[in-house]
Every structure is written in structure tokens, then in C-alpha cells.
Colleague: 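One structure, pasted below without further comment.
Each ligand, and each atom within it, is numbered from 1 in the order the structure gives. Any value given below was found using the heavy atoms of this structure, including those in side chains, with hydrogens, waters and symmetry copies removed. Since this is a predicted model, take the numbers as computed values, not measurements.
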Amino acid sequence: MMDVLKIITIARSAIYRFTVYNYYKRQTTKLSLFVLLKLKVFGLGNKTYEHYNEIAIYVDHRLEQLGANRVYECGLGDDDANIEDDFITWKDKFWPAVCEYFNIEGAGEDVSIRQYKLTEHVDIPVEKVYSGEIARLHAFKNQRAPFDAKNPFLAPVKINRELHGSSSNRSCMHIEFDIDGSKMRYESGDHLAVYPVNNSNLVNKIGEICNIDLDTIFTLTNTDEESTKKHPFPCPCTYRTALTHYLDITSNPRTHILKELAEYASDPNDKERLRQMSSTTAEGKSLFQQWVIQENRNIVHILEDIPSLKPALDHLCELLPRLQCRYYSISSSPKLHPSEIHITAVVVEYPTPTGRINRGVTTTWLKEKHPSDPPCLVPIFVRKSQFRLPSRTTTPIIMVGPGTGLAPFRAFIQERDVAKKEGKDVGDTILYFGCRKREEDFLYREELQQYVDNGSLTLHTAFSREQENKVYVTHLLEKNKEELWRVIGKNNGHIYVCGDARNMARDVHNILLKVVMEKGNMSELQAADYIKKMDSQKRYSSDVWS
Ligand code: FAD
Ligand code: 2AM
């Protein structure tokens, strides 16, 4: 029963996040839980992951087993395609089913009801005003351990160095954070979370368009007094703080935001277009897909491109999602760097079809953080992971990490090198690294070469763009089937996969399957079982992101 309650809570929060905006706004929080007991599930997943929407499917199945009535079929959202579209298509049929089931009369037209009440402060003492803290007021001035997601540590930047060669038109940063005295602990394989700050030009632009003094101090208070969430973000704060620290102003807004914004467009054509984009009609969905998603417009671009649209800034602040921290695989080992945490981050920057340049919030912000006096401070915390070295140093390992997928493996290599220097027996440490060109984006080239030279590392490199046909790490793995089987089949070793290369993890999985079948003389079913077992024994781990 405990499990089911837990699952309901998780599922409820997922449903709540999606449903809270619509007509049923005031009732939805309560309704979601209630309806769920009658059974309706919408899962948020991504098809590139092996366990696609497994929780939603499990909850749906388990609730049915426990005797719940299915009000409407389980919906599965795929973030790799268009999760918004999946949801609104599902929701469109789901609400009438709920209304029918509970004998509720649904209103034909959606009515907007504000969830938060605005108060603008005139005489509030400055020490009562949040200035970017995640939870506790003045947490950034009075730093107190333990540090976590609600209480990040302000880490000084010790080093910020470019890892790409001069011929590269991209940038990859090696950043070292000083955690001395913070009591923060980490292990190789953990992730570092970074709370970013939005670009001030974008923030100012919103202030200009909404014609408001960004230094006005305000509070948004939930009109539902029973709600556990009193404010959408720490309040009171200035509009500038909200837009800089608390709100996501750079992703593509979801349809419900456009629907609410439509009311602020003074030109009837603009109003109609925004309404259409947020509708569930085929034309509306396709317009949204084209104008917002394909042409990659964020809220600033939308305000710029629809001049008659001048929303009330407090309403916009209510609608925009929270700015999320970003995770980075830690690229240092605590055995070598106990008082530092290193990350390896590619700067995100790309042109959009409207001729604009979009810049990643966190990486663009981090790019400007260099050692200085006083130091540049970055709010961070460590997130534990399951991505771990074998407990015995003698166990051989294969690591597959193209691009920034190398990050956690740098930590692994450091750690095993330290063990070797301490006189311990260390098994084979084999790295498959891939990048575009040797001179462009071969990360930590000299460092890796030193490990090769001192016998701590076997390195296989794939340079995808140095010849006519692509060469990937997966091609090398396929060639080295003997080595792969020797490590994982004969010597009970571990294999690790990390990176953002699309499809790479799946390709590695398929190669592994082939090798186990071929070298281990197994049928496909037996080989799949073998790999599943490796997975459960933590001998096969992946840490991939998209
Ligand atoms: P954002 O503002 O978040 O913008 C990124 C978004 O822009 C993308 O999600 C995508 O929607 C869009 N985008 C990016 N490029 C394009 C394009 N060419 N065309 C269209 N849209 C585009 N990153 C690392 O560099 N190193 C790591 O070690 C690392 N480890 C990670 C570990 C985990 C567990 C996870 C989940 C992610 C990891 N990442 C890593 C990714 C990292 O968390 C951030 O997503 C990344 O740095 C971008 O953040 P940002 O705030 O700069 O960009
Ligand atoms: P590409 O960009 O030339 O296609 C780091 O991103 C490296 O991983 C690049 O050399 C990239 O090649 C390569 N890469 C892209 N897709 C991959 C895949 N499916 N498997 C392995 N490597 C891949």
C-alpha cells in the first residue's frame, strides 16, 4: 500500500503540473488525486530511454489490479517527439470522460482564473526581500551546511579553461569549483547541479515590453489558502529578481501560456492567432509546432514578434515555469581533488530559423565566470548517482564516452590512477573517446596521453570528421569484439556509457548484444538476459542525456 501511495503522489504531482492551468484551475489539485483513485494516468517519458514511461504503465496496471476503475485510457507523453501535443490530445478526450464519469457539467469555454494574487510593496525593508536565494532568505549571505537543492553552496570559480583547439568554432569549458570548507562530499560518477542566472538583456527586454519598473517589489500569493505552495517562487522580490533567478524565460512556452497571453493582445488578429496556437485543432497544433517549436521562439521572441501583446508582468510571472538547475557529470575524482569539483561543459549556442542566436542559460552564464578577486560565485550542490566504479580496483572496465561523455570517465581514470600509485592492483582501464577532429575537440588530450604513457589507460579514439565516412566509438567497439568479450565475458568486468550523442547508448547496447551472442555462444534471448543481469549487477551502467 505504501508503494501505491508513493506512486499516486508522484503521479499526482505530474498530473497537477499539467492540468493546473485550465478551466478547472481552482479544483484541479484536489480533483487529480480523487480522479486518480478512479484511475487515469498520463506519463511523462522519453522514447530514447529504455524504461519509457514505465512508471505510468506500472501505475495504470497496478491501480487496475487494486480495483480502481479506469475513467480514461493511460496516456503516454514522449519528450523525444512532442510531449505537449501528446498531452493536449489526450486531455481533449480525457476531460469529457471525467465530466461524464462524475456527472459534472463542463463549461464549453475555458475561463481564465488567476491562481495568485498580486501585492506590490512600497515600504518594505530591503532585508525582507529575496534576491535570488532558492529557499531561505539570506541563504547566500549566511551560508550554512549542509548544502543541497534547497540550500546550494556558493562555490568560488578557481579555474575556467577552454578545452577546444583554436580551429574549433565551439567552446567547451573545464571549470574547477572550490568546495574547501563547505563540508560537501562527492564521489566519482556524481552529478553537480548548477543554478543559473538569466541574461540581463533578455530580462530588461521583458521589462521594457511590459512597460514596468523591474525594481518594483512584489508578492504573488496563492488564492487557495489550503495550498501548500503559497508562492510560485520566493516572494517578496523584485520583478528583476523573479525574471533573473526564478523564471524560465528561454524555453519554448507551452500552449497554456499562449492561451492566457492572448487576452493581452490588443490587435484582434494577434489575439486570434495566439488562441489558435493554444487550441487543440489540427491547424492550431500545426501553427504552434511551426511558429513556436520549429522557429524556436522563447517568451522574449514572442513578445518581440507580436508588438500588440503587452501582458501584465505579474501574470506572466505566474505563468512562466521555474528556472531549473542544470546537471553536469563531475569530471574530477575526490581521491585526487577532495576540495574541488571539476565539470566539463560545452557552451550551447545556435542560430534559430528567425535569424536569432539562442544561447544556453547556464553555459553562457558560466562562460563569463573566471577566477577573480572577489571570486565569481556559483550556486551548486552535489546529486548522488548510481554511476559508480567497481568496488574492487582489480575489476577491468570499459568506458564509452564521446564528447562531454568523457566527463565522469576523467574522474574514473584519475581515481584508478591514484589507486595504482598507492600500490594497488588495478585492472584494465579502457576508454573509447570520440570527437569531431583531433585538433578541434579532443578533450583533455595531453592529460589522457599521460595516463596512456604511464600505463594507467588504454585509449581508443574515433575522429568522426577527419575522413569522408564517419568513424564513431561504436565502430571501434564493433571492431574490438575480442577485447569487449574478454573484459565483460571472461573477466567479469564493467562497461559504462556516457554522453549526449543521440542513439549512441542504443548502438552500444546492440553491439553488446551481438558480442555476447557471438562470443558467448548464446541465443538472442539468452544474450538479452545476460545483459539484463549485467545491468542489475551494476556491471553495465549508462549516464546519458539529450
Ligand atoms: P539551455 O538554456 O538549457 O538550452 C539547452 C536547450 O537548447 C536544449 O535542451 C535544446 O532544447 C536547445 N538546443 C540546444 N542546441 C540546440 C540546437 N542546435 N538547435 C535547437 N535547439 C537547441 N552537459 C555538458 O556539457 N557536460 C556534462 O558533463 C553534462 N552532464 C550532464 C549530466 C546529466 C545527468 C544531464 C541530465 C545533463 C548533462 N549535461 C551535460 C547537459 C546540461 O545539463 C545542460 O543541459 C547543458 O549544459 C545546456 O544547459 P544550458 O542552460 O546552457 O542550455
Ligand atoms: P558527429 O558530430 O560528427 O556526427 C561527440 O559528439 C562525438 O560523437 C562526435 O564526433 C559525434 O560525431 C559523435 N557521434 C554522434 N552520434 C554518435 C553515435 N550515435 N554514436 C557514437 N558517436 C556519435
Colleague: Tell me: protein heavy atom nearest atom 19 (N) of ligand 2, and distance?
Modeller: Arg502 O, 3.0 Å
Colleague: Which atoms form the tightest heavy-atom contact between Ile179 and Ile341, and what is the distance?
Modeller: CD1-CG1, 3.8 Å
Colleague: Taking it one step at a time, do Tyr195 and Phe140 satisfy ring-ring contact (aromatic ring centres under 6.0 Å, His included)?
Modeller: CA-CA 13 Å; Tyr195 279 106; Phe140 286 165; 8.4 Å; no
Colleague: Considering Ile293, Val347, Thr344, Ile249, which one's heavy-atom position lies nearest to atom 27 (C) of ligand 1?
Modeller: Thr344
Colleague: Can you confirm, on distance only, whether ligand 1 has an N/O atom lying under 3.5 Å from any N/O atom belonging to Thr362?
Modeller: yes
Colleague: Take atom 8 (C) of ligand 1 and look for protein heavy atoms under 4.0 Å from it; say yes if you find one, no if not.
Modeller: no
Colleague: Would one find an N or O of Ala345, backbone or side chain, under 3.5 Å from an N or O of ligand 1?
Modeller: no
Colleague: What atoms of ligand 2 come within less than 4.0 Å of a heavy atom belonging to Gly403?
Modeller: 5 (C)
Colleague: Flag Thr363 as yes when one of its N or O atoms lies below 3.5 Å from any N or O atom of ligand 1, and as no otherwise.
Modeller: yes
Colleague: Starting from atom 38 (C) of ligand 1, locate the nearest protein heavy atom and write down its residue, its atom name and how far away it is, to 0.1 Å.
Modeller: Tyr327 O, 3.0 Å
Colleague: Would you kindly say whether Lys91 and Thr280 are connected by a side-chain donor-acceptor distance under 3.5 Å?
Modeller: no
Colleague: Which protein non-hydrogen atom lies closest to atom 19 (N) of ligand 1, naming both residue and atom, and how far is it?
Modeller: Tyr350 CD1, 3.4 Å
Colleague: Looking only at heavy atoms, which two atoms of Arg416 and Thr395 are closest? And how far apart?
Modeller: NH2-O, 2.8 Å
Colleague: Considering heavy atoms of the protein only, find what lies nearest to atom 8 (O) of ligand 2 and give residue, atom and distance to 0.1 Å.
Modeller: Pro402 CB, 3.6 Å
Colleague: Is it true that Arg161 and Glu176 make a salt bridge, defined as a side-chain N closer than 4.0 Å to a carboxylate O?
Modeller: no
Colleague: Quick check for you: to the nearest 0.5 Å, what is the distance between Thr244 atom OG1 and Leu214 atom CG?
Modeller: 8.0 Å
Colleague: Any N or O on Thr364 sitting closer than 3.5 Å to an N or O of ligand 1?
Modeller: no
Colleague: Can you confirm, on distance only, whether ligand 1 has an N/O atom lying under 3.5 Å from any N/O atom belonging to His191?
Modeller: no
Colleague: Side chain, backbone, both or neither: which part of Tyr328 has a heavy atom under 4.0 Å from ligand 1?
Modeller: both
Colleague: Any protein heavy-atom neighbour for atom 14 (C) of ligand 1 (distance below 4.0 angstrom)?
Modeller: yes
Colleague: Considering the heavy atoms of Lys470, write down every atom of ligand 2 situated less than 4.0 Å from one of them.
Modeller: 1 (P), 3 (O), 4 (O)
Colleague: Quick check on atom 40 (C) of ligand 1 - does any protein heavy atom sit closer than 4.0 Å to it?
Modeller: yes
Colleague: Nearest to atom 5 (C) of ligand 1 by heavy atom, Ile343, Leu366, Val348: which?
Modeller: Val348
Colleague: Using distance alone, decide if ligand 2 has a nitrogen or oxygen within less than 3.5 Å of any nitrogen or oxygen in Tyr472.
Modeller: yes
Colleague: Looking only at protein heavy atoms, which one is nearest to atom 33 (C) of ligand 1, and how far off is it?
Modeller: Trp545 CE3, 3.8 Å
Colleague: Protein non-hydrogen atoms only, distance under 4.0 Å: does atom 11 (O) of ligand 1 have such a neighbour?
Modeller: no
Colleague: Specify the protein heavy atom at minimum distance from atom 7 (C) of ligand 2: its residue, its atom name, and the distance to 0.1 Å.
Modeller: Gly434 O, 3.8 Å
Colleague: Distance under 4.0 Å to a non-hydrogen atom of Asp507: what atoms of ligand 2 satisfy this?
Modeller: 19 (N)
Colleague: Given Phe381 and Phe153, is the ring-ring contact (aromatic ring centres under 6.0 Å, His included) satisfied, shown in steps?
Modeller: CA-CA 6 Å; Phe381 68 94; Phe153 174 62; over 10 Å; no
Colleague: Assess Arg383 for proximity to ligand 1: is some non-hydrogen atom of it under 4.0 Å away?
Modeller: yes
Colleague: How about CD on Gln467, more than 12 heavy atoms from neighbouring residues, nucleotides or ligands closer than 6.0 Å, or not?
Modeller: yes
Colleague: Please identify which atoms of ligand 2 are closer than 4.0 Å to at least one heavy atom of Arg465.
Modeller: 1 (P), 2 (O), 3 (O)
Colleague: Counting heavy atoms only, which of Gly499, Ala462, Ser464, Ala505 comes nearest to atom 12 (O) of ligand 2?
Modeller: Ser464
Colleague: Can you confirm whether some protein heavy atom lies under 4.0 Å from atom 45 (O) of ligand 1, or whether none does?
Modeller: no
Colleague: Can you see which heavy atom on Thr344 is nearest to which on Thr404, and at what distance?
Modeller: O-CG2, 3.7 Å
Colleague: Show me which atoms of ligand 1 lie under 4.0 Å from any heavy atom of Val361.
Modeller: 1 (P), 2 (O), 50 (P), 51 (O), 52 (O), 53 (O)
Colleague: Which pair of non-hydrogen atoms, one from Thr363 and one from Ala345, has the smallest distance, and what is that distance?
Modeller: CG2-CB, 4.3 Å
Colleague: Considering only heavy atoms of Val473, which atoms of ligand 2 have at least one such atom less than 4.0 Å away?
Modeller: 21 (C)
Colleague: Within a 6.0 Å radius of atom NZ on Lys335, are there more than 12 heavy atoms belonging to other residues, nucleotides or ligands?
Modeller: no
Colleague: So that I know where these two stand, are Phe433 and Phe442 an aromatic pair - ring centroids less than 6.0 Å apart?
Modeller: yes
Colleague: Do Arg297 and Glu295 sit within salt-bridge range, that is, some charged N less than 4.0 Å from a carboxylate O?
Modeller: yes
Colleague: Among all protein heavy atoms in this structure, tell me which lies nearest to atom 30 (N) of ligand 1, with the distance rounded to 0.1 Å.
Modeller: Ser329 N, 3.2 Å
Colleague: For the ring pair Tyr496 and Tyr540, is the centre-to-centre distance below 6.0 Å?
Modeller: no
Colleague: Would you say the ring centers of Tyr432 and Tyr472 fall short of 6.0 Å from each other?
Modeller: no
Colleague: For the residue pair His174 and Tyr444, does the interplanar ring angle fall in the parallel (under 30°), tilted (30 to 60°) or perpendicular (over 60°) class?
Modeller: perpendicular
Colleague: Please say whether Asn503 places an N or O atom under 3.5 Å from an N or O atom belonging to ligand 2.
Modeller: no
Colleague: Using distance alone, with no hydrogens and no angle criterion, decide if Glu162 and Ser171 have a side-chain donor and acceptor under 3.5 Å apart.
Modeller: yes
Colleague: At what distance is the nearest protein heavy atom to atom 4 (O) of ligand 1, and which residue and atom is it?
Modeller: Gly360 CA, 4.0 Å
Colleague: Go through ligand 1 atom by atom and flag the ones less than 4.0 Å from a non-hydrogen atom of Asn296.
Modeller: 20 (C), 21 (N)
Colleague: Provide the number and element of each atom of ligand 1 under 4.0 Å from a heavy atom of Val346.
Modeller: 25 (O)
Colleague: Show the atoms of ligand 1 that are less than 4.0 angstrom away from any heavy atom in Arg326.
Modeller: 1 (P), 2 (O), 3 (O), 43 (O), 49 (O), 50 (P), 51 (O)
Colleague: Check whether more than 12 heavy atoms from other residues, nucleotides or ligands sit under 6.0 Å from atom CD of Gln386, and answer yes or no.
Modeller: no
Colleague: Ion pair present between Glu447 and Arg410, side-chain N to carboxylate O less than 4.0 angstrom?
Modeller: yes
